[in-house]
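Inspection log for the structure reproduced underneath, given as structure tokens.
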Amino acid sequence: MRKQLTSAAAGILLLVGVSAAAAQDVIIQPEQDVVIREYVKKKPVASLSLPGVELNIGTAVPETVELYEVPDVQYRYVVIDGRTVLVDPGTRKIVKVYD
């Protein structure tokens, strides 16, 4: 019984680790990062307040939040609590938080 519990716990930890790694796999090339930063400065949007939503990579942004396009970039952005957040529009998960 104890061996089964240990195996189950190991399996859960493996899944959690894989999920966390998948959320952090997004690599934004420096050139693309410059394009994003410049575009966001030119096209500011109103900051939203989302109580209970932590601005961490991998956190999902609610469906009710409008995401704004950055031309020629696969990600979208929104400003939450004064911080620009880059979001994968397919999963709505945060891929980068700018200060």
Side-chain angles (χ1 to χ4, degrees):
M1 176 87 170
R2 184 175 182 163
K3 187 174 183 178
Q4 289 175 336
L5 288 176
T6 303
S7 296
I12 290 169
L13 289 175
L14 179 62
L15 288 174
V16 169
V18 169
S19 297
Q24 296 174 3
D25 273 344
V26 174
I27 297 173
I28 299 168
Q29 298 301 321
E31 304 83 30
Q32 192 177 37
D33 195 54
V34 169
V35 168
I36 293 165
R37 286 176 186 268
E38 288 178 0
Y39 186 82
V40 167
K41 282 182 187 176
K42 289 180 193 174
K43 302 283 186 177
V45 297
S47 180
L48 303 172
S49 178
L50 296 176
V53 175
E54 293 186 29
L55 299 183
N56 296 320
I57 293 173
T59 299
V61 175
E63 291 286 333
T64 56
V65 173
E66 182 177 359
L67 303 178
Y68 299 91
E69 185 175 347
V70 178
D72 302 319
V73 175
Q74 72 183 61
Y75 302 110
R76 304 291 180 256
Y77 75 100
V78 65
V79 178
I80 301 172
D81 296 330
R83 299 173 76 190
T84 300
V85 178
L86 206 57
V87 178
D88 180 330
T91 63
R92 299 192 65 86
K93 290 186 179 180
I94 296 171
V95 296
K96 183 161 186 168
V97 178
Y98 293 95
D99 288 320

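All values derive from a computational prediction rather than experimental measurement. Throughout, numbering of the chain's residues begins at 1 and tracks the sequence.
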Check: Is it true that V73 and V45 fall in one hydrophobic cluster, defined by side-chain heavy atoms closer than 4.5 Å?
Finding: yes

Notebook entry, point to check: Do V79 and L48 have side chains that get closer than 4.5 Å, going by heavy atoms?
Noted result: no

Next item on the list: Can you sort out the partners of V40 under side chain to side chain contact (heavy atoms under 4.5 Å, CB included), two or more places apart, ordered by chain and number?
Entry: I36, Y77, T84

Next item on the list: Quick one: which residue pairs count as a side-chain hydrogen bond (donor to acceptor under 3.5 Å, both in side chains) with a foot in residues 26-48, not counting sequence neighbours?
Entry: D33-R37, D33-K96, D33-Y98

Margin query: Strictly by salt bridge (Lys or Arg N to Asp or Glu O under 4.0 Å), give each pair with a member in residues 67-83 just once, sequence neighbours left out.
Written below: R83-D99

Result block: side-chain N/O donor-acceptor pairs under 3.5 angstrom for residues 50-63, not counting sequence neighbours:
residue, atom, partner, partner atom, Å
E54, OE1, N56, ND2, 3.0
T59, OG1, E54, O, 3.2
T59, OG1, N56, O, 3.2

Margin query: What verdict does the side-chain contact (heavy atoms from CB on, under 4.5 Å) test give for Y75 and V95, after you've listed the backbone C-alpha separation in whole Å, the side-chain angles of each residue and the deciding distance to 0.1 Å?
Written below: CA-CA 8 Å; Y75 302 110; V95 296; 3.9 Å; yes

